[in-house]
Amino acid sequence: MITYKIPDKNTYENYYVTECKLIGTDDSANIEVTMGREANILRAKCKSDKKFCANKFVMKFRYDYCEGDKIYVNGYQSWTDSFEYGITDKMYSPAPLMKAFLAGPLGKATGVSNAGDLPILKFKNVPGKFYGFSYAYVRRGNAIDLIGSLSERTGYTVIEFDVKQNEITIWKDLEGKEFGAGENLLADLGFFSGDYEDAFDAYFNAMNIAPFKRKLLTGYTTWYNYYNNIDCKIVMRDLQAIGRLPQKVDIFQIDDGYQRAIGDWLNTDKAKFADGMKPVAQSIHAKGMLAGIWLAPFAVTQKSFIYKEHKDWLVRNRKGKLVKAGANWGGFYSLDIYNPEARRYVEKVFDTVLSDWGYDLVKLDFLYCACIEPIHGKSRGEIMCDAMDLLRKCCKDKLILGCGVPLAPAFGKVDYCRIGPDISLEWGKRKYDSREGVSIIHAMLNSVFRRHLDGRAFGNDPDVFLLRDNNIRLNKEQKKTLAECNKLTGKVLFTSDNVDDYDDEKKKIIAKVFDGNVPTILSAEFDDNILRIEYRQKDDIDVFIADMRY
């Protein structure tokens with residue numbers, strides 16, 4: 001039996017609770033659900049006379065939308081599209097064939113659907129309905145009503161907007177969560193209204209996350225020119241080239257391709273890097289730069305020694321079968337972070353890479369795969385929070401650049417974080433791709449509409465800008481637009497070009513991007529595929545305008 005105690009109607013100025021419900025519980029448990037208000041914080045707790053499980057905890061709120069309102073919904077993870085919408089818009093959705101593939105048996109078997117939120121929810125895409133994860137807002141002018149989860153340790157928080165019904169539904173994904181007898185926290189929500197910047201300051205203050213104080217990073221990464229086709233010769237050539245720039249360059253990062261297999265992080269591909277990765281870090285340091293290196297610490301392919309020798313380290317579903325976490329590299333699996341031997345291996349990897357090899361920053365990618373299945377009596381959100389705690393503990397005071405990660409569990413745990421998808425080498429968006437697919441336009445829009453995270457949760461990484469003429473399908477104006485947008489929105493400003501190939505015009509553009517000045521965005525609007533950003537640069541106010549049509 002379940003009983004509910006709901007707060008008074010006038011819970012908050014702009015919205016109030018109308019209903020709450022715990023779904024999927026054991027009927028034999030006696031559970032009392034209480035929702036209590038403390039200032040602008042709403043906590044839902046439950047008391048039970050025995051252990052129990054539940055699939056969801058759902059709360060409904062009355063909310064009156066107005067013409068001209070904009071609704072921001074935060075996507076599931078780093079790569080997921082995250083924009084503001086008008087109240088009569090439809091959320092962005094992949095092409096029907098792609099949606100059918102992702103939701104079908106093949107999408108699940110290959111693991112492609114695990115990168116997004118399909119395992120968590122089904123959503124009917126119609127005008128006036130929107131949803132996002134962990135936090136969201138409704139904006140009128142420069143004032144917002146912000147709703148945010150203060151913790152995802154119980155489970156992920158999904159926030160749904162229904163304009164036609166004047167309703168907001170907030171629910172917790174509790175699948176797999178085992179609650180003990182006694183009192184348990186179900187949800188911890190904050191409600192903040194007012195100026196855009198003030199509301200987000202209040203939200204992060206309520207989470208006790210101190211303002212981010214890391215510096216702006218300028219630099220280089222190997223990925224977007226060579227992808228995993230790198231070797232020591234390419235790395236040394238481009239290191240020498242970028243080291244000759246007159247501007248200070250902070251970091252040189254080695255991306256995917258140095259390792260023997262995904263998961264075998266300490267086994268370097270000797271055909272590419274005969275002397276290993278330690279001398280590479282030393283060469284980078286000799287140029288006065290920080291050394292960065294890429295890992296996907298929870299990902300494992302069939303070529304790795306882990307798959308061949310330690311399948312017991314890998315995540316399995318309720319039927320005991322291994323689960324594909326994604327289709328990259330021909331398909332990959334995920335480490336079970338609660339397996340003691342797997343944890344010791346992760347700790348050894350970071351100790352070697354950071355202490356022995358001497359790298360200063362690790363870019364940690366595909367992190368979402370840690371929580372693809374609820375395991376060990378824990379929800380997906382709880383697992384992801386535990387995974388981020390593990391990474392921070394392993395890396396100590398070294399820099400972490402997160403990527404492919406559900407963002408709220410990464411708040412305050414990483415120094416920098418990708419807040420959009422990978423860029424592509426052409427303008428637009430692939431028709432047959434998921435919401436996490438590569439796209440310059442989606443990367444730019446995410447950078448603009450997740451700008452509130454920069455300096456609060458971590459330093460925002462908008463992904464790279466590219467100015468070169470070869471191996472790219474962008475015209476001169478598109479390349480300049482991408483560079484300018486990154487400059488406006490990013491604390492990580494990387495290129496993947498061999499800058500020795502730059503002409504004078506390109507050298508002027510990179511000099512402006514790398515000049516160390518940090519603009520302040522005053523407002524941003526996205527209407528009729530036109531992005532308009534008003535910003536302050538020192539004492540001057542200017543406007544950035546970009547056509548975002550595919």
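Quick note: numbers below take in every heavy atom, side chains included, and nothing from hydrogens, waters or symmetry partners.
When ring centroids are compared, Tyr203 and His452 stay outside the 6.0 Å threshold. Aromatic rings of Tyr137 and Tyr135 (six-membered ring for Trp) have centroids beyond the 6.0 Å cut-off, not under it. With ring centers used as reference points, Tyr416 lies 6.0 Å or more from Phe494.
Each of Asn114, Leu367, Ile372 was evaluated against Ser334; a single residue qualifies, Ile372, per the side chain to side chain contact (heavy atoms under 4.5 Å, CB included) test. Checked options Gln77, Glu382, Arg380, Met388; the residue passing with Pro409 is Met388 (criterion: side chain to side chain contact (heavy atoms under 4.5 Å, CB included)). Partner Leu361 forms a side chain to side chain contact (heavy atoms under 4.5 Å, CB included) with one of Val492, Ile251, Asp250, Ile400 and no other, that one being Ile251. Remark: of the listed residues Trp79, Trp294, Phe366, Trp79 is the sole one forming a side chain to side chain contact (heavy atoms under 4.5 Å, CB included) with Cys403.
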- Item | Leu186 and Lys172: CA distance, side-chain angles, deciding distance, side-chain contact (heavy atoms from CB on, under 4.5 Å) verdict | CA-CA 8 Å; Leu186 290 173; Lys172 300 288 288 190; 5.8 Å; no
How far apart are the C-alpha atoms of Ser93 and Lys99, what are their side-chain angles, what is the distance that settles it, and do they pass the side chain to side chain donor-acceptor pair (under 3.5 Å) test?
CA-CA 8 Å; Ser93 181; Lys99 288 177 68 176; 3.3 Å; yes
Under the side-chain contact (heavy atoms from CB on, under 4.5 Å) criterion, do Tyr65 and Ile168 qualify, and how do the steps go?
-> CA-CA 10 Å; Tyr65 301 91; Ile168 296 175; 3.3 Å; yes
Do Ile144 and Phe200 pass the side-chain contact (heavy atoms from CB on, under 4.5 Å) test, and can you show the C-alpha distance, the side-chain angles, and the key distance before you say yes or no?
CA-CA 9 Å; Ile144 63 173; Phe200 274 104; 3.8 Å; yes
Practice item. Show your working on side-chain contact (heavy atoms from CB on, under 4.5 Å) between Met444 and Ile440 and close with a plain yes or no. Key: CA-CA 6 Å; Met444 289 173 60; Ile440 285 180; 3.8 Å; yes
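Figure legend: Arg451 and Tyr196 shown as a cation-pi pair, the cationic atom lying under 6.0 angstrom from the six-membered ring centre and within 45 degrees of its axis.
Every residue two or more places apart in sequence or in another chain that forms a side chain to side chain donor-acceptor pair (under 3.5 Å) with Asp255 is listed here: Thr221, Gln253. Shown here are the ring-ring contact (aromatic ring centres under 6.0 Å, His included) partners of Tyr224, two or more places apart in sequence or in another chain: there are none. Every residue meeting the ring-ring contact (aromatic ring centres under 6.0 Å, His included) condition with Tyr156, not counting sequence neighbours, appears here in chain and number order: Tyr76. Not counting sequence neighbours, Tyr4 has no partner by the ring-ring contact (aromatic ring centres under 6.0 Å, His included) test.
Using cut-offs of 30° and 60° for the angle between ring planes, the Phe411 and Phe204 rings count as tilted. Tyr131 and Phe123 have tilted rings, their planes meeting at an angle from 30° to 60° on a 0 to 90° scale.
Ion pair Asp415/Lys215 not flagged as a salt bridge, since none of the NZ, NE, NH1 or NH2 atoms sits closer than 4.0 Å to an Asp/Glu carboxylate oxygen. Using a 4.0 Å cut-off between charged side-chain N and carboxylate O, Arg418 and Asp422 make a salt bridge. Taking 4.0 Å as the cut-off between side-chain N and carboxylate O, Arg153 and Asp389 count as a salt-bridged pair. Between Glu19 and Lys60, no side-chain nitrogen of the basic residue sits less than 4.0 Å from a carboxylate oxygen of the acidic one, so the salt-bridge criterion is not met. Residues Lys45 and Glu32 are not paired through a salt bridge, judged by the lack of any N-O separation under 4.0 Å between the basic side chain and the carboxylate. Note on Arg435 versus Asp117: salt bridge recorded, some NZ/NE/NH1/NH2 to OD/OE distance being below 4.0 Å.
What you find for Phe192 and Ala206 is that their closest heavy atoms are CZ-CB, 3.8 Å. Closest heavy-atom contact between Phe449 and Ser82: CB-O, 3.6 Å. Residues Pro462 and Ala443 approach most closely at O-CB, 4.4 Å, considering heavy atoms. For the residue pair Pro297 and Asp365, the shortest heavy atom distance occurs at CD-O, 3.9 Å. The minimum heavy-atom distance between Ser496 and Val464, with the atom names listed, is OG-CG1, 4.2 Å. When all heavy atoms of Ala511 and Gln247 are compared, the pair lying nearest together is CB-NE2, 3.2 Å.
Counting only distance, with no hydrogens or angles, the side chain of Tyr85 and the backbone of Pro127 share no donor-acceptor pair below 3.5 Å. Of the possible donor and acceptor atoms, none in the side chain of Lys56 sits under 3.5 Å from a partner among the backbone N and O of Ile23. With hydrogens and angles ignored, the 3.5 Å screen pairs a side-chain donor or acceptor of Asn460 with a backbone N or O of Arg450. Asn125 places a side-chain N or O within donor-acceptor distance of the main-chain N or O of Met91, the cut-off being under 3.5 Å. Between the side chain of Glu152 and the main chain of Thr157, a donor-acceptor pair closer than 3.5 Å is present.
Phe179 has its side chain out of reach of Thr25: every pair of non-hydrogen atoms, C-beta onward, lies at least 4.5 Å apart. Taking 4.5 Å as the limit, every side-chain heavy atom of Thr489 sits out of range of all side-chain heavy atoms of Ile419. The closest side-chain heavy-atom distance from Asn517 to Lys487 is below 4.5 Å. Counting only heavy atoms from C-beta outward, the side chains of Asp433 and Pro94 never approach each other to under 4.5 Å.
Within a 6.0 Å sphere centred on NZ of Lys248, other residues, nucleotides and ligands contribute more than 12 heavy atoms. Atom CZ of Arg473 has more than 12 heavy atoms from other residues, nucleotides or ligands within 6.0 Å. Sparse packing is recorded around CZ of Arg536, with 12 or fewer heavy atoms of other residues, nucleotides or ligands lying under 6.0 Å away.
A distance of 10.0 Å separates SG of Cys371 from CZ of Phe298, quoted to the nearest 0.5 Å. Atom CD in Glu484 sits 9.0 Å away from atom CG in Asp542 (nearest 0.5 Å). Atoms CD1 and CG, on Ile441 and Asn446 in that order, are 12.0 Å from each other to the nearest 0.5 Å. Rounding to the nearest 0.5 Å places CD of Glu436 at 8.5 Å from CG of Leu102. Going from atom CG of Asp198 over to atom CG of Leu146 covers 11.5 Å, rounded to the nearest 0.5 Å. Taken from NE2 in His442 to CE in Met548, the straight-line distance is 8.5 Å, to the nearest 0.5 Å.
Judged as a salt bridge (Lys or Arg N to Asp or Glu O under 4.0 Å), the pairs with a partner in residues 156-165 (not counting sequence neighbours) are, in order, Lys129-Asp162.
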Please list, one pair per line, the donor and acceptor atoms closer than 3.5 Å that link side chains of residues 521-530 to other protein atoms, with sequence neighbours excluded.
residue	atom	partner	partner atom	Å
Glu525	OE1	Lys70	NZ	3.4
Glu525	OE1	Arg139	NH2	2.9
Glu525	OE2	Arg139	NH1	3.0
Glu525	OE2	Arg139	NH2	3.3
Asp527	OD1	Lys70	NZ	3.1

